[in-house]
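Right, one structure below, let's go through it.
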Protein chains: 2
Amino acid sequence: MELSSETEIKILEAATTIFLEKGKDGARMEEIAKEAEINQALLHYYFRSKDRLYKEVFNREVKNVLLDLFTSLDLQKNMHDFFESFISQYMDRLFQHPKTAGFILWEIRQGGETAAELLQDLFTPASTASPRTVVEKIKKAVEDKEIRTLDPHHLMMSVIGMCVFTFVARPMISVIFPEIDFSDSSFIDRRKTEIFNLIWNGIKP
Amino acid sequence: MELSSETEIKILEAATTIFLEKGKDGARMEEIAKEAEINQALLHYYFRSKDRLYKEVFNREVKNVLLDLFTSLDLQKNMHDFFESFISQYMDRLFQHPKTAGFILWEIRQGGETAAELLQDLFTPASTASPRTVVEKIKKAVEDKEIRTLDPHHLMMSVIGMCVFTFVARPMISVIFPEIDFSDSSFIDRRKTEIFNLIWNGIKP
DNA sequence: GTCTATAATAAGATAGAC
DNA sequence: GTCTATCTTATTATAGAC
């Protein structure tokens with residue numbers, strides 16, 4: 001969707017803030033209007049309904065955190081460098097959008113068919129890089145004995161799980177381990193290193 | 001909270017079903033009443049408000065998936081056996097309550113102070129076993145050179161992340177990799193093995 | 001395009017009979 | 001304890017002036 005006017009952009013930014021914070025069900029149109037410093041009628045003038053506004057926000061966030069990551073991967077790298085770079089890029093992106101992963105996971109669970117379709121539209125078979133491309137790369141690395149024998153799907157899930165969990169579980173971890181400071185940039189560097197070391201030691205031949 | 005009557009139990013089961021499925025904001029009192037095969041007035045008669053009913057459900061679920069797990073761990077085991085058993089028990093529990101982890105993570109993020117207090121009440125310092133106890137055990141294993149040098153907090157997050165992500169991301173993974181069959185019990189056994197192998201190879205000295 | 005005022009509906013909660 | 005009917009408030013959406 002193309003953004004024409006200044007107001008449209010303001011609305012979308014406000015809607016993103018509120019939807020990411022509260023989810024679709026928890027978000028209120030009035031709150032979005034207030035955040036955008038306009039009135040509620042204008043929301044409907046530009047986006048017709050809460051549902052349409054939400055879908056626009058959801059699509060953009062999926063693109064931000066899921067799609068663009070995979071299309072920026074360098075599949076030519078060897079496994080060591082590939083994972084090092086993947087983890088670093090993914091963690092950076094999650095750090096820049098700390099609420100998006102939790103939002104997407106929750107909303108996909110709620111969204112049923114609609115959300116599923118949106119996802120499928122984004123990861124078309126035509127994409128040069130996608131989760132499936134990475135699985136294929138891992139499979140080949142196993143065949144070439146570049147890494148030990150393992151199940152590519154499961155490795156993929158594990159790597160992404162470690163990265164994503166850091167942010168999805170952040171509010172909970174903060175309660176259980178108050179000594180962890182997520183906002184400290186050295187924390188995120190440490191997390192990258194720890195994840196990569198665990199992975200690489202875990203998969204090297 | 002003690003459950004006295006038959007009706008109270010029926011309500012709580014229905015409320016659990018609906019809250020786990022839709023979250024606090026998405027759940028409707030009318031739907032809970034219908035699920036429990038009673039009328040809406042009875043919900044209020046037993047639990048006074050949506051908020052109180054929700055808190056009761058939330059507390060019980062946290063206890064199911066978080067608290068009871070840690071109190072059933074055997075801290076005497078060596079690292080190899082400890083992680084093998086931890087992963088197996090945790091995955092079994094998540095498999096039995098596939099929606100609970102996602103529910104708790106999302107609701108804690110929304111709940112602010114209230115949810116935080118509930119968590120803190122459950123993990124009192126007096127508990128014999130808790131996430132912190134496990135971190136201490138890992139720390140000691142590093143000092144004893146039972147496993148390689150690593151950050152105990154991060155290892156803890158990584159292990160739990162790999163287990164939890166399996167279920168939290170299930171709806172999304174199903175879209176991207178339709179060939180994965182989560183309901184197949186052999187899948188969960190495979191997932192246990194793959195996670196444990198990755199961890200153990202990743203941390204052994 | 002933008003606003004105020006208001007309609008229309010959804011949802012939590014309660015009154016009062018049985 | 002349990003029900004039906006209803007109140008009250010919250011929330012999405014629209015009408016109509018400017």
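The sequence lines fix the lettering, A, B, ..., with proteins before strands; numbering per chain opens at 1.
- Note: CD1 (B:I9) to C1' (D:dG1) measures 15 Å, nearest angstrom.
- Rounded to an integer number of Å, the gap from A:E31 CD to D:dT11 P is 10 Å.
- Spacing between atom OH of B:Y45 and atom C1' of D:dG1 amounts to 5 Å, rounded to whole angstrom units.
- In this structure, the CE atom of B:M29 is 12 Å from the C1' atom of C:dT14, given to the nearest Å.
- Phosphate contact (OP1/OP2 of D:dT14, side-chain N/O of A:H44, threshold under 4.0 Å): absent.
- Put simply, CG on A:D25 is 12 Å from P on D:dT11, counting in whole angstrom units.
- If you take CG of A:L42 and P of C:dT2, they are 5 Å apart, rounded to a whole angstrom.
- When ring centroids are compared, B:F196 and B:F83 stay outside the 6.0 Å threshold.
- Note on residues 36-52 of chain A: pairs passing salt bridge (Lys or Arg N to Asp or Glu O under 4.0 Å), not counting sequence neighbours, are A:K24-A:D51, A:D51-A:K55.
- Counting only heavy atoms from C-beta on, B:Q40 has its side chain closest to C:dA13 among C:dA13, C:dC3, D:dT2.
- Judged as a side-chain hydrogen bond (donor to acceptor under 3.5 Å, both in side chains), and not counting sequence neighbours, A:K77 has no contacts.
- Spacing between atom CZ of B:R48 and atom C1' of C:dT14 amounts to 11 Å, rounded to whole angstrom units.
- Residue A:A33 is out of contact with every strand shown, counting any heavy-atom pair closer than 4.0 Å.
- Side-chain proximity of A:Y46 to D:dC3, D:dT2, C:dG1: nearest is C:dG1.
- Between the CG atom of A:L94 and the CG atom of A:N64 there is a distance of 11.0 Å, given to the nearest 0.5 Å.
- The phosphate of D:dA10 (OP1 or OP2) has no side-chain N or O of A:R28 nearer than 4.0 angstrom.
- As rounded to whole Å, 14 Å separates atom P of C:dG1 from atom CG of A:N39.
- Note on A:T7: a side-chain N or O is less than 4.0 Å away from OP1 or OP2 of C:dT2.
- A:K22 has no carboxylate O lying under 4.0 Å from a charged side-chain N of B:D25, or vice versa, which leaves the two without a salt bridge.
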